[in-house]
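Throughout, protein chains are lettered first and strands after them, A, B, ... in sequence-line order, and every chain is numbered starting at 1. Remember, predicted model here, so these are calculated numbers, not experimental data.
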Amino acid sequence: MVIARNITPEFEEAPPRVSEWRRFRRVFLSRGVVIFGLVILLALVFTAVFAGWLAPYDPYKTGTGRALEQPSMTHLLGTDTLGRDTLSRLIYGSRTALMVGFISVAVASICGVSLGLSAGYFGGIANIIIMRGMDALISFPMILLALVVAAVLGGGIQNVIIALSIATIPGYGRVTCGLTLSLRENDYVLAQHAIGASNLRTMLRHILPNAFPPLIVLMTMQLGNLILAEAGLSFLGIGIEPPGAAWGAMVNDGYKYLARNPVLSFAPGLAIMLVVFAFNMVGDGLRDALDPRLRGLL
Amino acid sequence: MTTYIIRRLIQALVVLIMVTLLIFFIMRLLPGDPLLIYLAQSAELEAMPPEMLDQLRHQFGLDRPLMVQYFTWIGGVLRGDFGTSIFYHHDVGALMAQRFPVTLHLGLLALFFGATFGILAGLAAAVRRGKWLDRIITPLTYIGITIPVFWLGILLIYLFGLKLHWLPIAGYTSPLENFWLSTRQVIMPVVCLAVFGLAANARQMRSAMLEVIRQDYVRTAWSKGLSERRIIIKHAMKNSLIPVITLMGIGVGIIFGGSVLVETVFAIPGVGRLLVSSIFAQDYVVVQAITFVIAVIVLTVNLIVDISYGWFDPRIRYG
């Protein structure tokens, strides 16, 4: 696992701001597949925000007379075992996916970045303890770690968020630590020491901003991974409480009726794949636009 | 090189100790008394006098200080004794000895096919960059790293099991018992487990290869008039394999993670499914043993990867 170790950004003189933004936009939007990903993500956010208006039915309303209906004009994707409209549940499921993704990324990045920053900046024993701790965390496959933590904490969406956050902390820690180790050798850090700036100020005002580009790329890609992992957990039955809609759980529910009504499983799975794909593509695009040297590293 | 290996070994040992601490204390954070869960299954809880509870607690060693419990556990693990399952009332070591071979059977096949086909696909895409072959392989690799494995499993079951009736939809048979049936049952789970690694290897191989074939020594090889075949195999491939090796370490972890889902989809009695059922049964003895063994395997593979990496690329040793 040598991924984060070799990141040594060399910063050229900053060109004027306007052209920088233009260059970013040009590179970012140069690939069709990135634009495709961006469109999917915008549609996803739109769906999640306006789920109440978009959903044709109440996603929680059960109906005994119309269980496991085939797709039709009234129920575009059919109904599940409890007679709930699949399309409406799919639409509401986007909220679960996005919520878990965004909150976990926020929590994990804040924890991971502060740990990595301290480890890289102070070095020595702090570095050893923090980074070996991260290595220990990373030696569990992400979904296994999340599974165990979620099991310990008990079900519920907030515990899934905590579990996924813990499982993804090491990624941020490693990248930030690697970047900090090289950034702290810069003269402007020395200058900060010379004028008597505090360590905290140097870390937050001078090192962290320079570590932003790779971190933003990492966060975007992690969003996809988190949504995938959340889907896996809810497929296993860990996560959102029963009436709530989660794509992974929907795949599992539909799996039992695969022969009779395959759409129940196919539709939510396709949604997961599209969203994860979109986050990966946008992450790829951001990487190329922000710092092409990260190719192969992130 | 020796110093590098020793340094990596010490590092791995420190990580291993942290892993044991992590597992042990996470499991002790479990809400509820493991003993009460154990008793709740025998449904004699109501009738049990408190003295007997204390006696049982003593029997399981749960009344001792945490640190003592930790060292007892570690001591047991070092002697190969993983304790007794709360749920199955079975020796956990024996339980794992039953389940691990199944997961390893699937996992090793997946690792092998993922690496071989991944490297070949990446190589082909790089050599024919921009041509139709690349334009088929590259989008497929994107799908491969994003498709949810459990969903892929369901798609395969629907197509090859329910519609075409080519393959059995679930179950597992030991290859020693019935090789033909076993192979047929194993195809779909192995495809599911391999697909992420295959796609990741192909992507890594493609970008590493594109990097290498731009290098001066490859141009020199061309100008010497060597055949394309020879340049790719003898000169370019060796160096582009280096970054792919690192992925192997990650791949093992991914496969263990995936086995939890894939074994659930295909009803395979492997260690992943044992872990899930133990988690739902709150059988901390089993969960702690399985996570420990998996972490040790992942750590060991990564150690080997790192050492071989240092051997292939001397820059790493001194980094």
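Looking at Val296(B), neither its backbone nor its side chain comes within 4.5 Å of chain A, counting heavy atoms on both sides. With a 4.5 angstrom heavy-atom cutoff, Ile147(B) touches chain A via backbone and side-chain atoms both. Ile154(B) touches chain A through backbone and side chain together, each having a heavy atom under 4.5 Å away. Proximity to chain A is absent for every atom of Ile290(B), based on heavy atoms less than 4.5 angstrom apart. The contact between Val260(B) and chain A is made by backbone and side chain atoms together, counting heavy-atom distances below 4.5 Å.
Expressed to the nearest 0.5 Å, how far CG of Leu228(A) lies from OG1 of Thr146(B) amounts to 8.0 Å. Ile157(B) CD1 to Leu258(A) CG: the interatomic distance, rounded to the nearest 0.5 Å, is 7.0 Å.
Screening Val19(B), Leu13(B), Val14(B) for a side-chain contact (heavy atoms from CB on, under 4.5 Å) involving Arg132(A) leaves a single residue, Val14(B).
Heavy-atom pairs under 4.5 Å with chain B peak, among Leu270(A), Asn280(A), Ile272(A), at Leu270(A).
With sequence neighbours excluded, the residues that form a ring pair (Phe, Tyr, Trp, His ring centres under 6.0 Å) with Phe150(B) are Phe235(A). With sequence neighbours excluded, no residue forms a ring pair (Phe, Tyr, Trp, His ring centres under 6.0 Å) with Tyr257(A).
The side-chain heavy atoms of Leu155(B) and Phe266(A), taken from C-beta on, include a pair separated by under 4.5 Å.
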